[in-house]
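This report refers to the structure that appears directly beneath it.
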Amino acid sequence: MPPKADRLTQDWTGAEATLPRDRRLMGVVRAPREVDPAIHSDSWVAWARGPAGERVDGQGGTPDAALRGFVKRMRESGQAFSVE
């Protein structure tokens with residue numbers, strides 16, 4: 001298994017590769033930071049924004065799990081490019 005930082009880099013790169021060109025991967029944070037920075041939970045959120053500001057996200061118990069959850073959600077919604 002790759003070291004934790006390498007795994008996170010791989011998952012980030014994989015998540016970016018699933019995005020259509022009009023979306024941008026914005027980050028991975030402990031939820032729900034965007035609502036209130038003082039509120040944290042045990043889950044992590046990876047999210048992207050589209051050209052009209054719409055948000056797509058995925059959650060997980062770790063940053064890399066959130067990125068994998070994001071990819072899964074993009075694929076399930078039919079919005080992802082195929083990177084297989």
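Predicted model, so just to flag it, every value in this text is computed and none were measured. We number each residue from 1, following the sequence as shown.
- For the pair E16 and R24, the salt-bridge criterion is not met [side-chain N within less than 4.0 Å of a carboxylate O].
- Residues satisfying the side chain to side chain donor-acceptor pair (under 3.5 Å) criterion with T13, sequence neighbours excluded, are absent altogether.
- One finds the OG1 atom of T18 at 14.0 Å from the NZ atom of K72 (value rounded to the nearest 0.5 Å).
- With rounding to the nearest 0.5 angstrom, the CG atom of D57 is 11.5 Å from the CG atom of L25.
- When side chains are defined from C-beta on, F70 does not count as touching V28, because their heavy atoms never get closer than 4.5 Å.
- Taking OG1 from T62 and CG from L8, the interatomic distance works out to 8.5 Å, rounded to the nearest 0.5 Å.
- Nearest heavy-atom pair across A46 and A66 is CB-O, 3.7 Å.
- The side-chain heavy atoms of M74 and P20, taken from C-beta on, include a pair separated by under 4.5 Å.
- Distance check: R73 CZ to Q59 CD gives 8.0 Å after rounding to the nearest 0.5 Å.
- Here the CH2-CZ distance, from W44 to R30, works out to 5.0 Å after rounding to the nearest 0.5 Å.
- Residues V71 and A15 share a closest heavy-atom pair of CG2-CA, 3.5 Å.
- When all heavy atoms of W12 and M26 are compared, the closest pair comes out as CH2-C, 4.4 Å.
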